[in-house]
Amino acid sequence: MIETILLTIGFSAVLAFFIGIALAFFSQKFKVERDPKIDEVRGALPGANCGACGFPGCDGYSEAVATGRAPTTKCSVGGSATAETLAKIMGIEGGAAEDRVAVLLCQGAVNKTVSKGQYSGIPTCRAAKLSTGSVKTCAWSCQGFGDCTKVCKFDALAMEEDGLPHVNYDNCTGCGLCVEECPQKILTLVPRTRVGSIVLCSNRSTVKASVIKTCKVGCIKCELCVKSCPEGAITMVNGIPVTDYAKCTSCGICVQKCPTKCYKMLETDVFGTKKEVPVMEEAQA
Amino acid sequence: MMELGKIFLLALLTNNIVIMRFLALCSYIGMTSDVGQSIGMGFAVTFVTVLATAATWPIYHYILVPLNLTFLQILIFILVIASLVQLVEFYLKKNVPGLYSAMGIYLPLITTNCAILAVTFENISFKYNFIQSIAYSVGVSLGYLLAMVLLAGIRERMKTSPVPKFLQGTPILFMATALIGIAFMGFSGLIK
Amino acid sequence: MKKLYSIFKQGIIFDNPLLMLMIGLCSAIAVTTNVSNGIGMGLAMTFVLLFSEIIISLFRKLIPSMIRIPIFIIVIAAFTTMVDLVMKAYFPDLSKSMGVFIPLIVVNCIIMGRVEAFASKQNLASVIADALGMGLGYTWVLIAIAAVRELLGNGTLAGIQIMPASYQPILFFILPPGGFFVFSLFISLNIWFKKRMEASARNRELVAKKEAA
Amino acid sequence: MKKDMTKLGMTLMLFASLACASLAVVYAFTKESIDKQSEIQLQASLKELFPQATAFEPIQGLVSPDPNIKFEAAYEVKSDMAPLGLAMKATGPSYGGAATLLVGIDLHRSIAGVRVMALNDTPGLGMNASSPTYYVDKTKKVTFLGQFNEKFLTDPFEVKKDVVAITAATISSRSLTKIIKLAGDAAIAYMDQKAISAPAENGASADAGTDANAQPQAGGK
Amino acid sequence: MSIRTFRGGVHPPERKDRSQGTPIERVTSVPQVVIPVNQHFGAPIQPLVKVGEYVKAGQKVADAEGRMTVPVHASVAGVVKKIEPRMQSNNTEGLCIVIEPKDPPEGESAQDYMLPLDPFACSKEEALARIRAAGIVGMGGAGFPAHVKLAPTKPISYVIANAAECEPYLTIDERALLEIPEKVVDGVVIVMKTVNAPEGVIAIEENKKHAIPYVQKAIDENPQVKAGMKIRIQELRTKYPQGGEKMLITAITGRQVPSGGLPMDVGCVVSNVGTLCAIAEAFREGKPLIERGFTVTGGACKTPKNLVAPVGTLVSDLAKAGIVEIDDQSLGKVIFGGPMMGVALPSYEIPVQKNTSGVLLMSEQEAVQYEEDTCIRCGRCIRACPTSIFPALLAIAIESENYAEAEKIGLLDCIECGTCSFVCPAHRHLVQRFRVGKQVLRALKQKEAQNVR
Amino acid sequence: MSDRKMRLSSSPHAFSPVDTPRIMLSVVIALMPATAYGVYLYGLPALGVVVTSIAAAVLSEFLFRKIIKASTTVGDFSAVVSGLLLALILPPSTPLWMVALGAIFAIVVAKEFFGGLGANPFNPALIGRAFLLMSFPAAITSWTMPKGLSLAADAVSAATPLNLLKQGNALTDVAKYFGANDTGAFYRQLFMGFRSGSIGESSILLVLLGGLFLLAIGVIQWVVPLSVLASTFVFSWILGMDPVLGLLTGGIVFGAFFMATDYATRPMTPYGQAIFGIGIGLITVLIRKYGGYPEGVTYAILIMNTLTPFLNKLRMKKYGFVPPPKPAKPSKEATK
């Protein structure tokens, strides 16, 4: 018995010693130089692998960042915090990415708009738009099949009873996947801290009557907002009033004047449910 | 030769390592989301299994048996296989980067692939000689490859199927395997 | 104590290695043709897990990280061999019917995973709780699967005739495909259960929030 | 660098030695029991076949005529000094790999009983051969192996005709039957040789004769 | 003469008998015309007239530079009332010029046609310029500029007149063959001269056999044929999509247009009957493409007819004028084009365009809609697909968003003929899926190209 | 113009009247002669099996879809087809509860679990039979003699011709067992279906009739059945078995026309189908010759089912296909 034990110990000791040495040796010898920064960057990324940065997943992006082929601000999921960390790792001054959220530029709920016909076909926005132009009489309206909700990786978009996707601003990371997916291109990314007025309509029709016929909450091109703005911050661009946020003081006059109520305040009407209302003074300054 | 063919076919079909013997399920479930991937993994396993057999069989018969240390079998075998995988990985990474990028990424997963260890144990317990052991290990690992590819094919198909919610994900994969198993029962007795 | 209990509970249900983490599956289906095998395998597994975790936890500061994997393997392999030897010596029938699956405990991902992720970082007490939780979590699932398969496929439980003699066993259940079948249903059941738990937790949170507001 | 490596090697060595040492201890403790286990099992099975037996004397020199079937051991069974029969431990291929059977042959040239020592066939099908509750004849409660009891080796051994097969496991049934038949024939040859060898010395031809008989049996399945 | 055809295809119920027997009726007076500015496949063009301006019939009202552009002409003499976006027959709003007919000032002609041009005395460039100036586009469906098509860069061996008219319901080409075969033959001759082709083929489906003698007579009487030009009639099996350009070429010549290629790659030019007539008119009369023939039919149309009306005529105006009687109660679907490839529109207040070959007013019973069931993998679509692109597998590839595989199967080779959707027993929206798939695939490719750059 | 909304959809706007229920019904009709003959041969038990199987299949599909809150699909008759097919490949004496269990397994596990009609990777009826064969090997392999053919000693547990052949009986003996004087008469008897076997696959003639009916109305195509039958014939001959008998016994004809042609589980491409059929024939013959079962059609088809996703990749070249690297001229002018 003692012999067995001794033999075992001797044998295993020799074997293990060699294996240990061999492992250590080979790991040195065959070491492939890999920039430790890649791992560091990878560690700092959120790992959602959403691909919003335009690279194949977080791994691809981290490699691109570490080799200097990509800016540190591309990760919209991680937002500015990640951008700063990455910048720190890469040793450059961080151009912090703006923390943005998606906003739907259409209020054309099912009861506010007129449908063009009885659509039957593949129930996706893209297919419906391709086959019918637009399922609603407004060619710029939300198609309401929720393509955007299907691509959202963060559970931030949901179709609700009114037939429109609603953004949950707590979850939205501003990755922009929905913006890209929307065939109508009526989703846009707005900085989370932005304040001021915004028109929630994309109808670019120049024929006033047609807007009135098609939608109860569409911009009818009355230009009351443009005329009423004391700061002159609103101009019509391509058939749609656009607010210049450098001038906008969030006075709310345009919102009051708008006859179809398609003008909204970002801080109260759009992000309304959000608790931390952005600090106004800061934005003004 | 017939004998070797029999060993090979038994291991490949009748006693398919995954479908009939439930080994290597982790990678079977994990690595079959596309056919190319499963083929890569399958060949990596084949390669390592044959290598492992070639290494462990002589160790057992020419070292452990004479020294009367057969009880160290488990420990020695796993160490040998682990170091082997590691070495192969190092080697490929450094010298054959093309192959490494095709196969090497699967190597770390292989260390804990029970199929390989099982083969080396069974070579001993079935009292196979060296050539038979190699035939057996090739059969088993190609059987693994076969199972992987078959499931990958069905999985590809199921991507668009309205599988009931409660079965989505892993459960339906096992269900598919169960049905493949039923089909494979047809091989039973085919090779005696 | 409460913490230890929660670690234990985690392994039994929420992080159940078989149903939730889906690791160490191979043996779960292979040996569950009857309940005694399930018990044997489960306990063998628990034993190896427990002692490996204890040893690793005790020596965790002495293990250089570079060769930690080989050391883990050595420790696990040693305990596995012990179990194998003991089984062979005292439960020869059981050992025979489980065949290669006892030695294969050594590559069971559960053990490696727990050792690497838990034991090498935690103190002895939590390690024991974890090992017991995981081990018993593994065991109960094995027994449950084995019970279903043996009862339906053979009409017995642990070798004792349960079903009436007129019962015609559905052999499917003890054949390999039946193993996959039962296991598949088990996982789906558990996923459903987990989802319900999560949903109720979320509901509770919501209610709490509403009340607070 | 080198120091590092040595240190790592040493650490690993330490752990390995410790592990192996403890293993060796366990091994030493269990070894006897493991060896004994198989012996105990064998003895128990032998005892079951020949309840009156008092001694099992291993005998050598029995060679299987079929290369696929091996005789691992053979015992002359004796009660006190009187011979009771022969027990053969034979291994041959079955459906799921090697199957080892213990076949007892009594002096009447009939089978005293068959026990399964190792079998890896399909559970629920081929494995039923070793099940004590699986009856090929449900009314008489005869198990698959039970039907061989008291069957003369001169009787035909054709499965599905003379031997009731396990349902849906014809291959297992055939392979097992073949092992039993082969072992039995060899045992009888030995007995013939021995029984005749006491008074006269012409066992060689008898041996050859039974071998010749066994051959077609092995060939035709 | 053997009857030729291609592999695959289906034979949907023809339903041509409704309008088959009614001679072409010319619509002359309409209350207004709404002329879409962009009616062709290619770069957009801009209006040249202003609101309030007086225009003559045949006067160019919109044009732009560029190879892939085609001018648009006023189809009636009158005053431009409005220039604004209106719903077009492709289901989108596009800029339209609304003209209210008004008699010209005393002494002036209401017409502003070009001078006739002898196609056999002018150069090829002159001929092409004339075809462009006449605003001729492919009148079969897509609206591909004719002057581009007739300027092939490869040698042409066949000019094929597409008189297959394989779409169910539509009969306008059939009537044209019966009533004005000489114009069709003239068109073929002109095109043959323009592209310098040795042989002309008029392809007619079996179900229009009765038109063959008329066409044959027209051929025999054509002076150019008498002078040695070779034109023959080819009878084709009645099968959809026999009139698809690619299928037609394969049926007649046995050649296959290579993937991503054009008919000219296999030495063919295919022109629709309407286009050929328009070309003939453009040369012989100097008349631009301001009128077109089309079939108004369908279950909700009480008066199935073959009409020739000014481009821009609203179907609703035809109904108001009593030229077409529409059963509003049973009307379920309005389709511009044939039932297999036409576009469903929300109303019939839509102008007839240069490429409108028919207006289908389907009754509720005809316009049945089916819920999409799961694919049962019967393989009917695979057998029916004229381009052998395995629609069932293609749909699966698209659904699983495997666009690389989809492209390999042949997504971009789909001609959207609708055969697969027609035969599908589970009523899967296959064609629609492929259309969306094509769009996505093209977008992906574009993105990839950008990334590479 | 009224306010009523027009229908909008992508083209085409016309549809073939052939839909899924109609296809399934035509399969049922094609199976009717064989079913009726089976019931005539084996009497009430066979009718019981058929009714139970269909009822269990339809009910289980209905209930399962109710439970998972999916739309009811009983109306497409696919469950009826699966149930009927399962019944027809079972021995007439199968206990009814087993039949029901098999039908439920076939419908719920093999079909509905994978997403219902069209999504099932394996033929449900065959999975049902394989399940029963695995679970109750005894019951599923005990046959009854058809009415009026109780010449053999024990009419209770008859054997199929293949069973007898597998046991090494000579063909003439088998023929005698079924009361035929010579092999020619035996072949005729087999062709007409007067023998023990599964309910529906007895009469080759009626099965062929049903199959030809389906071929004629275009529900199935010739590639699969022909390749199955041809390869069975050829491989039987190569392996030294009587090729004619190989076609006449067992379920190969039934399998070729009704099982292998199952839409969801056979490849969709012609080349794939040919290989699929040849594979079925080969495996069937191999199992018959070497395997553990006397008949291998069930498993042969199931095994080939696993390969279907790969056989689907064997596509014909598409219209106007140009080989991608260096497009060579010949392909354009190849035909003329």
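For the numbers below, each heavy atom of this structure counts, side chains included, while hydrogens, waters and symmetry mates do not. Chain letters run A, B, ... following the sequence lines, proteins first and then strands; every chain starts at 1. Keep in mind it's a predicted model, so treat the numbers as computed, not measured.
Closest non-hydrogen pair, C/Thr81 versus B/Leu75, comes out as OG1-N, 4.4 Å. Across all non-hydrogen atoms, the minimal contact from B/Met175 to C/Ser184 is CE-OG, 3.2 Å. Closest of all the heavy-atom pairs between B/Val18 and C/Phe180 is O-CZ, 3.4 Å.
The distance from atom OG1 of B/Thr170 to atom CD1 of C/Ile191, rounded to the nearest 0.5 Å, is 5.5 Å. For the atom pair CD1 (B/Ile172) and CD1 (C/Ile187), the distance works out to 11.0 Å, reported to the nearest 0.5 Å. With values rounded to the nearest 0.5 angstrom, B/Leu25 atom CG is found 8.0 Å from C/Phe183 atom CZ.
Side-chain contact check for B/Phe174 versus C/Leu185: every heavy-atom pair is 4.5 Å or farther apart.
Counting heavy-atom pairs under 4.5 Å between each of C/Leu104, C/Val100, C/Asp84 and chain B puts C/Leu104 at the top. When each of C/Ser188, C/Gly179, C/Ala77 is scored by its heavy-atom pairs under 4.5 Å with chain B, the top score falls to C/Ser188. Heavy-atom pairs under 4.5 Å with chain C were tallied for B/Phe184, B/Phe22, B/Phe121; the largest tally goes to B/Phe22.
Within the 4.5 angstrom heavy-atom criterion, atoms from both the backbone and the side chain of B/Phe166 approach chain C. Looking at B/Ala24, only its backbone comes within 4.5 Å of chain C, counting heavy atoms on both sides. Neither the backbone nor the side chain of C/Phe186 comes within less than 4.5 Å of any heavy atom in chain B.
Here ring pair (Phe, Tyr, Trp, His ring centres under 6.0 Å) pairs that include residues 124-158 of chain B, with residues two or more places apart or in two chains, are B/Trp57-B/Phe130, B/Phe126-B/Tyr128, B/Phe126-B/Tyr136, B/Tyr128-B/Tyr136.
Around the CZ atom of C/Phe193, the shell of radius 6.0 Å holds no more than 12 heavy atoms that belong to other residues, nucleotides or ligands.
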